[in-house]
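This report concerns only the one structure given below.
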Amino acid sequence: MAGPPGPKPLVAVGQVTSTPDKELNFAACAALVREAARRGACLVFLPEGFDYIGRDPAETLSLAEGLDGDLMGRYARLARDCGVWLSLGGFHERGRDWAATQRIYNCHALLDPAGRVVAAYRKTHLCDVELEGRVTMKESGFTNRGTEIVPPVSTPAGKLGLSICYDLRFPEISLALRRAGAEILTYPSAFTVTTGSAHWEVLLRARAIESQCYVVAAAQTGRNHEGRASYGHTLVVDPWGTVVAQRGEGPGLCYAEIDLEYLQRVRREIPVQEHRRPDLYGTVGLPATP
């Protein structure tokens, strides 16, 4: 006879208030990672801009580093010391083309407990928005677009699909990751208060429901500097669309167990992946193929 089921993997999701001070940011993030490791989390998620949030494009560019730089080396040592996986979403990366372009990448790096970078996704959808009198952002002014979706990575919590913040508004990427085997989708973010209060939770729950994946969203919170405030409300959504863990405002952690047996049950009971019609999508107004 089979024995009782083992414990479900525990993930920890961090919420921070990054500033232009990289040292203070690292100290705050490292403290959260160590706390999560003490609580038994196998995978710790940090938000977009965990390294810093600059006051303007010039400062943002001046503070950027490569994946082989000092800051990522410190996070690699932290992963090894704590024995955890780290989802570092939204690292300001000076890529190999920095000398030629003088532009950076918004890079979601995944580290294993040996401190190795096992995946690096570079944000493919850049946030250029103009909400008159409320929000102005032009990420494309100093950031290169990524050129590929990274295959999901097997972790102790499940197969993890990587995205970043504004990617949340594009269901195509979540469905592509689901087709590639993802069980957890992650959207490390720095939503503004205006867009977050309107769209944050409903979009995350929608991505979970349509993909039948867990969705994990670490967030920036509070005043990052005199010109910027972030929404917060870090959360985890299960494959049914239920919010199973959440923080409101202020730095800290929330925790969630990942139940892959439950995920498989949801997928069996409503098999939307089998019901999809890829023969039709993208063909509106064109004659059907015999």
Kindly list each side-chain donor-acceptor pair under 3.5 angstrom involving residues 199-207, sequence neighbours excluded, with atom names and distances?
unit_1, atom_1, unit_2, atom_2, d
His199, ND1, Arg169, NH1, 3.2
His199, ND1, Arg169, NH2, 3.0
Trp200, NE1, His233, O, 2.7
Arg205, NE, Gly241, O, 2.7
Arg205, NH2, Gly241, O, 3.1
Arg207, NE, Glu210, OE2, 2.3
Arg207, NH1, Leu168, O, 2.8
Arg207, NH2, Glu210, OE1, 3.3
Arg207, NH2, Glu210, OE2, 3.1

Considering only distance and modelled atom types, tabulate donor-acceptor pairs under 3.5 Å from the side chains of residues 66-82, sequence neighbours left out.
unit_1, atom_1, unit_2, atom_2, d
Arg74, NH1, Glu23, OE2, 2.8
Arg74, NH2, Glu23, OE1, 3.2

Expected list for residues 27-48: side-chain donor-acceptor pairs under 3.5 angstrom, two or more places apart:
unit_1, atom_1, unit_2, atom_2, d
Glu48, OE1, Ala190, N, 3.1
Glu48, OE2, Asn106, ND2, 2.8
Glu48, OE2, Lys123, NZ, 3.2

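The main-chain N or O of Thr221 is found under 3.5 Å from a side-chain atom of Thr17 such that the two form a donor-acceptor pair. Checking side-chain atoms of Arg247 against main-chain N and O of Cys254 turns up no donor-acceptor pair under 3.5 Å. In this structure, Asn25 contributes its side chain and Asp51 its backbone to a donor-acceptor pair below 3.5 Å. Within the 3.5 Å criterion, the main-chain N or O of Gly49 finds a donor-acceptor partner in the side chain of Gln220. In this structure, Tyr214 contributes its side chain and Asp259 its backbone to a donor-acceptor pair below 3.5 Å. Of the possible donor and acceptor atoms, one in the side chain of Ser189 sits under 3.5 Å from a partner among the backbone N and O of Tyr187. Judged by distance alone, with hydrogens and angles left aside, the side-chain atoms of Asp238 form no donor-acceptor pair with the main-chain N or O of Val244 at under 3.5 Å.
The side chain to side chain contact (heavy atoms under 4.5 Å, CB included) check on Ser154 picks up Lys159, with sequence neighbours excluded. Here Asp56 pairs with nothing under the side chain to side chain donor-acceptor pair (under 3.5 Å) rule; sequence neighbours left out. Remark: Glu226 engages Arg55 in a salt bridge (charged side-chain N to carboxylate O under 4.0 Å, His left out) (not counting sequence neighbours). Listed by chain and number, the residues in a salt bridge (charged side-chain N to carboxylate O under 4.0 Å, His left out) with Arg179 amount to none (sequence neighbours excluded). Checked against side chain to side chain donor-acceptor pair (under 3.5 Å), Ser197 has no partners two or more places apart in sequence or in another chain.
A chain of hydrophobic side-chain contacts below 4.5 Å, direct or via other Ile, Leu, Val, Met, Phe, Trp or Tyr residues, connects Leu263 to Ile270. Under the 4.5 Å side-chain heavy-atom criterion for Ile, Leu, Val, Met, Phe, Trp and Tyr, Val153 and Val11 are members of the same hydrophobic cluster.
Ile104 forms part of a hydrophobic cluster together with Leu61, Trp98, Phe142, judged by ILVMFWY side-chain heavy-atom separations under 4.5 Å. Taking Ile, Leu, Val, Met, Phe, Trp and Tyr as hydrophobic and joining them when side-chain heavy atoms fall under 4.5 Å apart, one finds Tyr52 in a cluster with Leu63.
In this structure, Asp112 CG and Leu110 CG are separated by 8.0 Å, a value rounded to the nearest 0.5 Å. Separating the CZ atom in Arg267 from the OH atom in Tyr262 is a distance of 12.5 Å, to the nearest 0.5 Å. Atom CZ in Arg145 sits 15.5 Å away from atom CZ in Arg122 (nearest 0.5 Å).
Of all heavy-atom pairs between Ile173 and Ile149, the closest is CG1-CD1, 3.8 Å. Nearest approach of Ser140 to Leu126, heavy atoms of both residues: CA-CD1, 3.8 Å. Counting all heavy atoms, side chain and backbone alike, Ala12 lies closest to Leu253 at CB-CD2, 4.2 Å.
A side-chain donor from one of Gln15 and Thr234 sits under 3.5 Å from a side-chain acceptor of the other. Donor-acceptor pairing under 3.5 Å is recorded for the side chains of Ser230 and Arg228.
For residues 6-22, the pairs satisfying salt bridge (Lys or Arg N to Asp or Glu O under 4.0 Å) are Lys22-Glu65, with sequence neighbours left out. Residue pairs meeting the ring pair (Phe, Tyr, Trp, His ring centres under 6.0 Å) criterion with at least one partner in residues 105-125, sequence neighbours excluded, are His125-Phe170.
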